[in-house]
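Note that the structure is predicted; figures quoted are calculated from it, not measured.
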Amino acid sequence: MTTLRAVWIVACVVTLTLLLLPVHGIAMIARHPLRKRIALFWHRMVAHIMGFRIHVDGHAHRSSPVGTLLVANHITWVDIIVIGSVAPLNFIAKDEVGTWPLFGWLARLQETVFVTRQKRTRTGQQINAVRDRLEQGDTLVLFPEGTTSCGNFVYPFNSSLFGAVTGKQAERRKPVPVQSVAIAYTGAGGMPMGRQWRPLAGWPGDITLPPHLMAVLRDGVFDITVAFGEPIADAAAHDRKALSARLEAEVRQMFANAIADGPAASKRDENPLNTRR
């Protein structure tokens, strides 16, 4: 049955993608706002097809005329589907993602901002690219850990790209709100996901993508919590490293709370469009 589930998911996602692709492509060429709604709908439908039950605590901050920088922990490629189903947004990803088969193509359709973490000489250029997208009104998701994990902890944050919203240069431009986001995988198959089972969802660096992808397609009926912190309106007034430390502490606390609450956190709101019971 698990193999049939994987085949069924792939067939449904491929069909959905092919149906939406022409309209999305035209909207991208025309720079029409509909492209963001289509991407949101795609993520919500994929989350539903895969059987994810997504519990949302709080909401993504929306600002105008600039976008918001969402700062989240990163556990697995599934995070993209999960947080992409909550609000219209785009992602910041390392440039090698753009070369991945299928995933790179989908990332480009999502209008992802690609950055090179290894080349410090390009940091300023990448900060400007992120800043420009924020000033165009895009909400961007940054994963400052720079890697994925087994899902049981949060890695230290890298502060380099926070330069897009802090410092004297940022103070001379439109203020960009910054908001912390914690993603936690709390259950599988309707049962609480303990420490030993959380790596079923997590994607640590020593596991290649194909086997992990297949495992999720076959057995990944997850309960997932997405928790939003309070937006920080005066990010430009903060030191880059101080802002990074503050957001890391917020994410760690929200992550710990979500893990402690488990999958039956009835006090949270469930979005019926991206939640499968």
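Counting only heavy atoms from C-beta outward, the side chains of I92 and T112 never approach each other to under 4.5 Å. At a threshold of 4.5 Å between non-hydrogen side-chain atoms, the residues L4 and T2 do not count as touching. Side-chain contact between V181 and V141 is absent, with no heavy atoms from C-beta onward closer than 4.5 Å. Contact annotation: the side chain of V82 never approaches that of F222 to less than 4.5 Å [non-hydrogen atoms, C-beta and beyond]. Inter-residue side-chain proximity for I38 and V23 is flagged as met; some heavy-atom pair is nearer than 4.5 Å. Counting heavy atoms from C-beta outward, T147 and H74 have side chains that stay 4.5 Å or more apart. For the pair M254/S180, a side-chain contact is recorded, criterion being any heavy-atom separation below 4.5 Å from C-beta on.
There is a path of hydrophobic side-chain contacts, each under 4.5 Å, that joins W105 to L213. In the hydrophobic clustering of ILVMFWY residues, with side-chain heavy atoms under 4.5 Å counting as a link, I81 and L21 come out together. I29 is not connected to L34 by any chain of hydrophobic side-chain contacts under 4.5 Å among Ile, Leu, Val, Met, Phe, Trp and Tyr, and they are in different clusters. Under the 4.5 Å side-chain heavy-atom criterion for Ile, Leu, Val, Met, Phe, Trp and Tyr, V13 and V7 are members of distinct hydrophobic clusters.
Listed here is the closest heavy atom pair of A233 and P175: O-CB, 4.2 Å. In terms of heavy atoms, A188 sits closest to M193 at CB-CE, 3.5 Å. The shortest non-hydrogen separation linking V221 to G51 is CG1-O, 3.5 Å. Shown here for G67 and P177, the closest heavy-atom pair between the two residues is O-CD, 3.5 Å. Pairing each heavy atom of R5 with each of L217, the nearest pair is NE-O, 2.7 Å. Residues L69 and V176 share a closest heavy-atom pair of N-CG1, 4.2 Å.
Applying the side chain to side chain donor-acceptor pair (under 3.5 Å) test to Q253 and every residue at least two apart in sequence or in another chain returns N257. For H61, the ring pair (Phe, Tyr, Trp, His ring centres under 6.0 Å) test picks out no residue, with sequence neighbours left out. Taking the side chain to side chain donor-acceptor pair (under 3.5 Å) definition, one finds that S159 meets it with R240, sequence neighbours left out. With sequence neighbours left out, R108 forms a side-chain contact (heavy atoms from CB on, under 4.5 Å) with F114.
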Between I54 and V226, does the side-chain contact (heavy atoms from CB on, under 4.5 Å) criterion hold? Intermediate values first, please.
CA-CA 7 Å; I54 303 173; V226 180; 4.1 Å; yes

What's the verdict on side-chain contact (heavy atoms from CB on, under 4.5 Å) for E145 and N158, showing C-alpha distance, side-chain angles and the deciding distance?
CA-CA 6 Å; E145 292 167 289; N158 184 318; over 6 Å; no

Show, in sequence, the C-alpha distance, side-chain angles and deciding distance for V216 and W77, and conclude whether the side-chain contact (heavy atoms from CB on, under 4.5 Å) test is met.
CA-CA 10 Å; V216 172; W77 58 269; 3.9 Å; yes

Yes or no on side-chain contact (heavy atoms from CB on, under 4.5 Å) for I232 and L243, after CA distance, side-chain angles and deciding distance?
CA-CA 10 Å; I232 301 172; L243 179 63; 3.9 Å; yes

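For Q179 (side chain) and H59 (main-chain N/O), a donor-acceptor pair under 3.5 Å exists by modelled atom type. In terms of modelled atom types and a separation under 3.5 Å, the side chain of T139 and the main chain of L89 share no donor-acceptor contact. Here the side chain of D223 pairs no donor or acceptor atom with the backbone of T186 at under 3.5 angstrom. At distances below 3.5 Å, at least one donor-acceptor pair connects side-chain atoms of R252 with backbone N or O atoms of V154. Side chain of H238 to main chain of D234: a donor-acceptor pair is present (N/O by atom type, distance under 3.5 Å, no hydrogens or angles). At distances below 3.5 Å, not a single donor-acceptor pair connects side-chain atoms of T68 with backbone N or O atoms of L70. The backbone N or O of A242 sits less than 3.5 Å from a side-chain atom of D239, completing a donor-acceptor pair.
Taking 4.0 Å as the cut-off between side-chain N and carboxylate O, D138 and K36 count as a salt-bridged pair. In summary, E111 and R133 do not engage in a salt bridge, as defined by a charged side-chain N under 4.0 Å from a carboxylate O.
Counted within 6.0 Å of CH2 on W197, heavy atoms from surrounding residues, nucleotides or ligands total 12 or fewer; the atom is thus considered open. For E230, the CD atom is loosely surrounded, since the number of other residues' heavy atoms within 6.0 Å does not exceed 12.
A donor and an acceptor atom, one from each side chain of Y185 and D79, are located under 3.5 Å apart. For the residue pair T116 and D95, a side-chain donor N or O sits within less than 3.5 Å of a side-chain acceptor on the partner.
Using a 30° and 60° split on the angle between ring planes, F143 and F91 fall in the parallel class, below 30°. Using bins of under 30°, 30° to 60° and over 60° for the plane-to-plane angle, the ring pair H212/W203 lands in the parallel bin.
None of D132, L134, N128, I127 except one satisfies the side-chain contact (heavy atoms from CB on, under 4.5 Å) rule with V130; the exception is L134.
Counting only residues at least two apart or on different chains, no side chain to side chain donor-acceptor pair (under 3.5 Å) pair has a member in residues 18-29. Among residue pairs with one or both ends in residues 146-167, those qualifying as ring-ring contact (aromatic ring centres under 6.0 Å, His included) are F153-Y155; sequence neighbours excluded.
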